[in-house]
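Worksheet for the structure shown next.
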Amino acid sequence: MHGYEMIQEIAERTRDAWRPSPGSVYPTLQLLDDEGLIVSSESEGSTKLFELTDKGRAAAEKIKTAPWKQFAEGVDSNQVNLRAELAQLFGAVAQSAYATTAEIQQRVVAILKNARREIYRLLAEAE
């Protein structure tokens, strides 16, 4: 995989609770390469692909619990559900911006404004 694919994979395996930045992934990959645990190769364009070496596979087999599982253990499922629904909502709204009429877009804006007000109302009740 290349670094961006790894970021996406980690995010998927942790249900978006952990999405490492390129600024943390690429230096880590360089360190693993320096230690002989992975090897990089050039693919199409300037993208580097990374693969475990035999030494890297041996080290990976020693890990009892995958890091993404450890990270996901403490995640509140309600927060995961909120993030997932927000992502779905964002997708629907984005689609409405490109695939509908101006009238429907205005209705979507009204729905979003109402939803925002309702959420703030809930937050005020919770205090």
Side-chain angles (χ1 to χ4, degrees):
M1 282 189 225
H2 57 74
Y4 181 74
E5 287 174 319
M6 290 180 203
I7 291 169
Q8 298 292 32
E9 185 71 21
I10 291 168
E12 185 178 312
R13 289 183 186 201
T14 62
R15 301 187 312 187
D16 261 341
W18 178 24
R19 185 178 289 272
S21 71
S24 64
V25 169
Y26 287 103
T28 301
L29 289 171
Q30 183 60 55
L31 177 68
L32 293 171
D33 192 13
D34 292 346
E35 292 180 5
L37 299 171
I38 63 172
V39 64
S40 65
S41 60
E42 295 291 328
S43 68
E44 294 179 24
S46 62
T47 305
K48 278 188 178 182
L49 293 175
F50 299 91
E51 183 178 355
L52 285 172
T53 62
D54 290 338
K55 182 179 174 184
R57 280 187 197 82
E61 288 174 6
K62 293 178 184 177
I63 298 172
K64 294 185 186 343
T65 305
W68 48 86
K69 287 185 180 179
Q70 289 176 338
F71 189 88
E73 283 176 2
V75 175
D76 181 349
S77 63
N78 290 321
Q79 290 178 353
V80 171
N81 293 337
L82 281 171
R83 285 182 182 178
E85 287 303 317
L86 182 59
Q88 295 274 340
L89 177 62
F90 182 81
V93 171
Q95 186 175 2
S96 74
Y98 300 105
T100 62
T101 64
E103 179 186 338
I104 292 175
Q105 290 172 4
Q106 288 175 346
R107 290 174 61 193
V108 169
V109 168
I111 290 167
L112 292 172
K113 285 180 177 180
N114 186 53
R116 185 184 69 238
R117 282 190 295 269
E118 288 294 318
I119 291 168
Y120 278 128
R121 196 170 296 136
L122 281 172
L123 292 172
E125 290 173 7
E127 290 179 356

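Along the sequence shown, residues carry numbers from 1.
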> What pairs meet the side-chain hydrogen bond (donor to acceptor under 3.5 Å, both in side chains) rule with one or both residues in residues 111-121, with sequence neighbours excluded?
Replying inline: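 Residue pairs passing side-chain hydrogen bond (donor to acceptor under 3.5 Å, both in side chains), neighbours aside: Glu118-Arg121.
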> Does any pair with a residue in residues 48-58 pass side-chain hydrogen bond (donor to acceptor under 3.5 Å, both in side chains), and if so which ones, sequence neighbours excluded?
Replying inline: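 Non-adjacent pairs meeting side-chain hydrogen bond (donor to acceptor under 3.5 Å, both in side chains): Asp54-Arg57.
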> Other hydrophobic cluster members with Phe50, side-chain heavy atoms of Ile/Leu/Val/Met/Phe/Trp/Tyr under 4.5 Å, chained?
Replying inline: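 Grouped by the 4.5 Å side-chain rule, Met1, Tyr4, Met6, Ile7, Val25, Tyr26, Leu29, Leu32, Leu37, Ile38, Leu52 form the rest of the cluster around Phe50.
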> With ILVMFWY side chains joined below 4.5 Å, transitively, what does Phe90's cluster contain besides itself?
Replying inline: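 Under the 4.5 Å side-chain rule, Phe90 groups with nothing.
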> What pairs meet the salt bridge (Lys or Arg N to Asp or Glu O under 4.0 Å) rule with one or both residues in residues 19-36, with sequence neighbours excluded?
Replying inline: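 Salt bridge (Lys or Arg N to Asp or Glu O under 4.0 Å) check on residues 19-36 returns Asp16-Arg19.
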>> Please give me the minimum heavy-atom distance between Pro27 and Pro22, naming the atom from each residue.
In response: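 In terms of heavy atoms, the two residues are closest at CD-O, 3.8 Å.
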> Under the side chain to side chain contact (heavy atoms under 4.5 Å, CB included) test, which residues partner Ala58, sequence neighbours left out?
Replying inline: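 Per chain and number, Ala58 pairs via side chain to side chain contact (heavy atoms under 4.5 Å, CB included) with no residue.
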>> Surrounding CD of Glu5 (heavy atoms of other residues, nucleotides or ligands, distance under 6.0 Å), is the total greater than 12?
In response: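 Yes - once you tally the heavy atoms of other residues, nucleotides and ligands closer than 6.0 Å, there are more than 12.
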>> Let me confirm one number: the OG-CD1 distance from Ser96 to Ile111, rounded to the nearest 0.5 Å.
In response: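 The CD1 atom of Ile111 is 9.0 Å from OG of Ser96, to the nearest 0.5 Å.
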